Q: 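Pasting in a structure now, in structure tokens, and then I'll have a few things to ask.
Position 1 is the first residue of the sequence; numbering continues from there. From a predicted model like this one, the values you see are computed outputs, not experimental measurements.
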Amino acid sequence: GGGGGGGGAGSGLLEYLRRVVDPNQMDFDAAFEDILMLCSSHPQRMYKMASYRKHTKNHWARDDPALAVVQIAFLVASSLAYALAFHVRGGPVRYLMLALRAILFDWLLVGLVVATACRWVANRYLLQQRSHSVEQEVEWRYAFDIHCNAFLPFFLLTSVLHYFFLPLLLHSSLMALIASNALFAIAFALYFYVTHLGYRALPFLHRTEVFLYPSSLAVVLFFLFLVLGMLGESYRFQATKLMALWYYQ
């Protein structure tokens, strides 16, 4: 589809999904290059490729689902590692359910909701159509691409780095609370920063800084939970313990 995913949007999505089940149609080397780029100090370079696709193929979204497939594999490995770390009972069936929960809820459902909401905000309030130019809007698949890009640093902080510091972060001390909540606050802030970069890359949008606003909420919640934590253990909201209780108890 063109700027807004017109007549070819449906066929483009079908082709994208068809490639998911055919590893030969996916470029995993490029996916890992994307991961390195997203982990660098200049993640905005990721969106230069989207601009290149627009000029060559007349759409912004990825044709290759390799990055999404790699993220699903990461989620399976992470779910297994955490289930073992927390000595989850129930055997392979419980481990499978935890992996499906991470993939279908944490990654896919949240991604669908966030991508749809952000796309709606962008197309409803942020379009700036110029005279004598083709009318454009944000493609839904590009919005989901942005979610996949933003999810990567979020996952690396809250699942990978977080895993190696579990013994520290599960303590009941105020320092553990600060470290745990800071890690999650930074991860959420990065998620919306990379989201902002994705929408800022579209030349027909303006005021894209609105996508940074949830990052401010993450900072506010961090300090709110810090103040509550200083009042006593019964008022402590610690991200690591809440995650362990929600998923693995």
Q: Hey, which of L221, L242, T240 is the one that makes side chain to side chain contact (heavy atoms under 4.5 Å, CB included) with F184?
A: T240
Q: Under 3.5 Å, is there a donor-acceptor pair between the side chain of R19 and the main chain of M26?
A: no
Q: So which pairs with a foot in residues 145-171 pass salt bridge (Lys or Arg N to Asp or Glu O under 4.0 Å), sequence neighbours left out?
A: R62-D145
Q: Looking at residues at least two apart in the chain, or sitting in another chain, which of them share a ring pair (Phe, Tyr, Trp, His ring centres under 6.0 Å) with Y125?
A: W120
Q: Taking all non-hydrogen atoms of both residues, which atom of Q136 and which atom of K54 are closest, and how far apart?
A: OE1-CE, 3.4 Å
Q: Which heavy atom of A50 sits nearest to which heavy atom of W60, and what is that distance?
A: O-CE3, 3.5 Å
Q: Apply side chain to side chain contact (heavy atoms under 4.5 Å, CB included) to Y47 and I146, showing your working.
A: CA-CA 9 Å; Y47 297 109; I146 293 175; 4.0 Å; yes
Q: Report the residue from F74, F192, F188 that forms a ring-ring contact (aromatic ring centres under 6.0 Å, His included) with F154.
A: F188
Q: Looking at residues at least two apart in the chain, or sitting in another chain, which of them share a ring pair (Phe, Tyr, Trp, His ring centres under 6.0 Å) with F222?
A: none
Q: Are more than 12 heavy atoms, taken from residues, nucleotides or ligands other than F28, located less than 6.0 Å from that residue's CZ atom?
A: yes
Q: Take S180 and K241, measure what side chain to side chain donor-acceptor pair (under 3.5 Å) needs, and give me the verdict at the end.
A: CA-CA 9 Å; S180 173; K241 289 188 173 183; over 6 Å; no
Q: Is there a side chain to side chain contact (heavy atoms under 4.5 Å, CB included) between T195 and Y191 once you walk through the steps?
A: CA-CA 6 Å; T195 297; Y191 179 94; 3.7 Å; yes
Q: Where is the tightest heavy-atom contact between W140 and R119, given as atom of each residue plus distance?
A: N-NE, 3.2 Å
Q: Picking from L126, V138, V210, what satisfies side chain to side chain contact (heavy atoms under 4.5 Å, CB included) with Y199?
A: V138
Q: When you group the ILVMFWY residues by side-chain heavy-atom contacts below 4.5 Å and let the links chain together, are Y248 and W107 in the same group?
A: yes
Q: I need the minimum non-hydrogen distance between S40 and M37, along with the two atoms involved.
A: OG-O, 2.6 Å
Q: Working note: Q128 + R207, criterion side chain to side chain contact (heavy atoms under 4.5 Å, CB included); need CA distance, chi angles, decisive distance, verdict.
A: CA-CA 10 Å; Q128 53 172 5; R207 302 199 310 271; over 6 Å; no
Q: Taking the six-membered ring where the residue is Trp, are the ring centres of F144 and H147 under 6.0 Å apart?
A: yes
Q: Compare every heavy atom of T208 with every heavy atom of L205, then report the nearest pair and how far apart it is.
A: CB-CG2, 3.8 Å
Q: Donor-acceptor pair, Y163 side chain versus Y82 backbone, under 3.5 Å?
A: no
Q: Does Q71 reach the main-chain N or O of F151 with its side chain, forming a donor-acceptor pair under 3.5 Å?
A: no
Q: Verify side chain to side chain contact (heavy atoms under 4.5 Å, CB included) between D63 and E15, making sure each step is shown before the conclusion.
A: CA-CA 8 Å; D63 299 302; E15 175 66 16; over 6 Å; no
Q: What pair of heavy atoms forms the shortest contact from L161 to L183, and how long is it?
A: CD2-CD1, 3.8 Å
